[in-house]
Amino acid sequence: MKDEEEDNILSNEDENNDASFDANDQEGFDDISTSSGMHHFYENNADEHDTITKVTGMYKDWFLDYASYVILERAVPAIEDGFKPVQRRIMHSLKELDDGRYNKVANVVGHTMQYHPHGDQSIADAMVQIGQKDLLIDCQGNWGNILTGDGAAASRYIEARLSKFALEVLYSPKITDWGVSYDGRRAEPNNLPVKFPLLLAQGAEGIAVGLSTKVLPHNFNELIDASIKILKGKPFTLYPDFQTAGIADVSNYNDGMRGGRVRVRAKISQLDKNTLVITQIPFSTNTSSLIDSILKANEKGKIKIKKIEDNTAAEVEILIHLFPGVSPDKTIDALFAFTACETSVAPLGCVIEDNKPLFIGVSDMLKISTERTVDLLRQELEIQLEELKNKWHFATLEKIFIREEMYIDFKLYSDREALYKYMYDRFDPFKASFVREINDDDLQKLTQIPMIRITRFDSDKADDFIAKLEDEMKEVQHHLDHIIDFAIAYFAKLKEKYGKGRERQTELRIFDDIEATKVVLRNTKLYVNREEGFVGTSLKKDEYVVDCSDIDDVIVFLRNGTMMITKVDAKTFVGKDIIHVAIFDKGDKRTIYNLIYRDGKSGPSYIKRFNVSGVTRDKAYDLTNGAAGSQILYFSCNPNGEAEVINIILRQVGSIKKLKFDIDFAKLAIKGRASKGNLVTKYPIKKIELKEKGISTLLPRKVWFDDTVQRLNVDGRGELLGEFRPSDKLLVISQAGKLKVIIPELSTHFDEDMIVLEKWNPKKPISAIYFDGEKERYFIKRFLVEVEHKEESFITDHPNSKLEIVATDYRPVAELIFAKVKGVQKENQVVDIESFIAVKGFKALGNQLTTDKLKQVNLLDPLPYEEPEEEQPEPNESIEDTIDDSSIQLEDDGQVTLSLE
């Protein structure tokens, strides 16, 4: 009895569950599937038998149905026309409502709801997104701003109509594949006959169940050019182009497939020494989100800015004001490293083909779209040809019908069958000239021709009309026979009609990698407790070391010869008796450490020079020979490879005659940190004193300029600018007539209008020919740079003043090409600039070049000049030296002698 009661209770509860599920759909399912671990429920039949239904099976089917629906009907576009269902239904509704005038978006949304079984807000949002792409919809009103992130006005306040481009490429009812709407009341297109790679032009993004898609937008004109190349069998490449412009690195685009990545940067330039301006923003950002990211980076201390002004309207303009003394170049790199000024976009090409998701690259998408366009054009031509044939057929029938006066005998036939038989017999002699068989519909039309038309029939006009139809038929047939040429002409026509104003907006460039530790603002102070062996940012009562950031590494040297690199933290124990602590730069190959250590408690002393580059963080490295009791006797850190002279004082032990001698570190080779070093002395050292500070022993650093990324480098990429010592500088001249002399830092940004970049020779004059806007004359001047580290203009400040040529040769030569005046052409003149004008002051106006009107000024090859050799101290090429450990030998009196082999 008890078991039966429990069964009845279960069955009654399950009946309630069934009812609730039917009424509330998913809610009922959730109640069942989550109830106290039950894996099945019972249905109590009216009969005596109970059946068991597995919830697991039901869940699997329902989930797959739901997932399939979201993938096919919501999130992923079709490969055929590039539309998601809601987009396709919006475009179909716009066509149905199209009368050439604007329609309220609210009306379009309401009309679309006849086809789309979802809320009006999702339709309105989708329509705004299409409109903001400025391709298919002609918008009126406030449709929002993709630059600022501002939303569109309510749909009742904005209006839309189809663009001319959409009307030309989206619709062709006669070849459209039609289906039935969700409620069966209306016909809607399964796919629109789009004759253009719309998916690649607009891009698409969607998240479904178990998969997603992200097709980046591409340039309108480049897509057309690539389609034409496909039709011609030529290779092509496609790269994204964004409405927000910006600069993109597409070196890892991977054809838009999974695993690819596109780095996009804002366009940032220096307005003045304390102001940066952002004029273009990265894809997937807006000015609001960009400014928020900059403010957050400023709050975290990654960058240091004074204030931000957003002046964005039709064009982006964000002004970033810097504090005095803050480097603009370093701040630009920091903006890329720590804010949304650089973003990374991961494309993922996924589309729907034959009701299945297909992962595909943009090149294959374009090939499929181009092939489909050719097929659609072929279908349209075939239909057009058939219509022309029908027109020709009926025009011929009509001509014969009236010419043979068949209508006169109509009164002899009382019924249709007899009349039609009569007409068939009359047309039989002309059968061979028809393009198809005559049918009853043709005869019906002939019998319905008005008598007034018969009486006014003009045979010559009829012949002309038929001839015109025949010409059109030949033309269409020719297009069909040469369908590829026709498709190429179609694409070229689209570009001609709609390509103006759709030039590439995003600049393509390969980015250099920005090392965050080099550009981060060091807003924290590093302290050290040398005796107890702690370093960190919270030891504010101990010795201050240097400013740092939370992403920096610290290098520490201990008295016992141990070296360690650790990350900046509040407080870190590294070992007692610290002798040196500094911020570590793993890419720095010019910092050289000079070291003398004692091997063991009473062993000999060794000397070595080394650089630290590749290391493992928090690992202790022994710089000595490893004997217990070893100790560092002398240590120096030299940022530019300096080599000092030291004085060694030995302890009085035994019969040592000479207790003092000097060692010059410049005579030692730079080796690895693990090298044993060279023997200094086997006797105990009492004291080591610095006798003389040294100069850099490293070779001058070769610096290259990579025009691709517009950056300096020391890796051999681009054009070699020269070998630079610490005192050498760069000369930079822009097309705007501005000049500056700067230190060749690798983080330097260069303006796009830069025309001269070279190693600066203070004694070499600069020659310039420029047009003075105020006097409306050409002037020539030669001068030397008088002020370093300051950008100055060497032409007049008038708005119409412009630089024609600038030369940094000793003896430059210019060619003057004169304009034709009253039909008279003056011969070209060659000017030896060195002879024409002497070197004057930087601010001098210069000499007037000519009073004649110039057409062009060219810079010719300079005259030969033997540049005086600059006396340079011979460098100690210590990196290339081959001193081995045996090159230092101890004399009997303890003196160290060095011999370079």
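The basis for the numbers below is simple: all heavy atoms, side chains too, and nothing from hydrogens, waters or symmetry mates. Sequence positions, counted from 1, serve as the residue numbers for this chain. The shown structure was predicted, so the numbers you read here are calculated from the model rather than taken from an experiment.
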Residues T850, F818; criterion side chain to side chain contact (heavy atoms under 4.5 Å, CB included); working and verdict:
CA-CA 10 Å; T850 179; F818 297 94; 3.9 Å; yes
List the steps, then state whether side chain to side chain donor-acceptor pair (under 3.5 Å) holds for R504 with N219.
CA-CA 6 Å; R504 168 166 284 279; N219 181 261; 5.9 Å; no
Will you find, in the side chains of [X] and [Y], an N or O donor that is under 3.5 Å from an N or O acceptor?
X    : Y    : value
T148 : N286 : no
H749 : Q710 : no
Q270 : D272 : no
T796 : E774 : no
T331 : D329 : no

Flag this pair as yes if the NZ/CZ of [X] is under 6.0 angstrom from the six-membered ring centre of [Y] and inside a 45 degree cone about the axis; otherwise no.
X    : Y    : value
R609 : F665 : no
R502 : F220 : yes
K229 : F236 : no
K702 : F724 : no

Among E752, E317, E315, which residue satisfies the salt bridge (charged side-chain N to carboxylate O under 4.0 Å, His left out) criterion with K267?
E752
Are more than 12 heavy atoms from other residues, nucleotides or ligands located less than 6.0 Å from atom [atom1] of [X]?
X    : atom1 : answer
K764 : NZ    : yes
K759 : NZ    : yes
K802 : NZ    : no
K738 : NZ    : no
D861 : CG    : no

Atom [atom1] of [X] and atom [atom2] of [Y]: how far apart are they, to the nearest 0.5 Å?
X    : Y    : atom1 : atom2 : result
K740 : E791 : NZ    : CD    : 5.0 Å
L859 : E804 : CG    : CD    : 12.0 Å
R263 : I247 : CZ    : CD1   : 12.0 Å

Donor-acceptor under 3.5 Å ([X] side chain, [Y] main chain):
X    : Y    : answer
D706 : G718 : no
N221 : G499 : yes
E745 : I743 : no
S801 : G773 : yes
D333 : K330 : no
D310 : T312 : yes
D552 : I583 : no
H218 : L216 : yes
K306 : T275 : no
D772 : I795 : no

Using side-chain contact (heavy atoms from CB on, under 4.5 Å) as the criterion, point out the one residue from I281, T244, V345 that pairs with V264.
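Between V264 and the candidates, side-chain contact (heavy atoms from CB on, under 4.5 Å) is satisfied uniquely by V345.
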Qualifying residue, where the test is side-chain contact (heavy atoms from CB on, under 4.5 Å) with I308 and the options are L319, I291, I278, N298
I291
If the plane angle is over 60° it's perpendicular, under 30° parallel, otherwise tilted; pick one for F842 and F783.
perpendicular
Are F750 and F705 an aromatic pair, judged by ring center distance below 6.0 Å?
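Under 6.0 Å, so yes.
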Apply side chain to side chain contact (heavy atoms under 4.5 Å, CB included) to residues D852 and K826 and explain how you reach the verdict.
CA-CA 9 Å; D852 295 321; K826 188 176 179 180; 2.5 Å; yes
Apply side chain to side chain contact (heavy atoms under 4.5 Å, CB included) to the pair S344 and V262, showing each step before the final yes or no.
CA-CA 6 Å; S344 183; V262 177; over 6 Å; no
Is D512 paired with R265 through a side-chain N to carboxylate O contact shorter than 4.0 Å?
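A salt bridge is present here (some side-chain N lies under 4.0 Å from a carboxylate O).
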Quick one, L712 with L721, criterion side chain to side chain contact (heavy atoms under 4.5 Å, CB included). Give me CA distance, side-chain angles, the key distance, then yes/no.
CA-CA 9 Å; L712 302 176; L721 298 179; 3.6 Å; yes
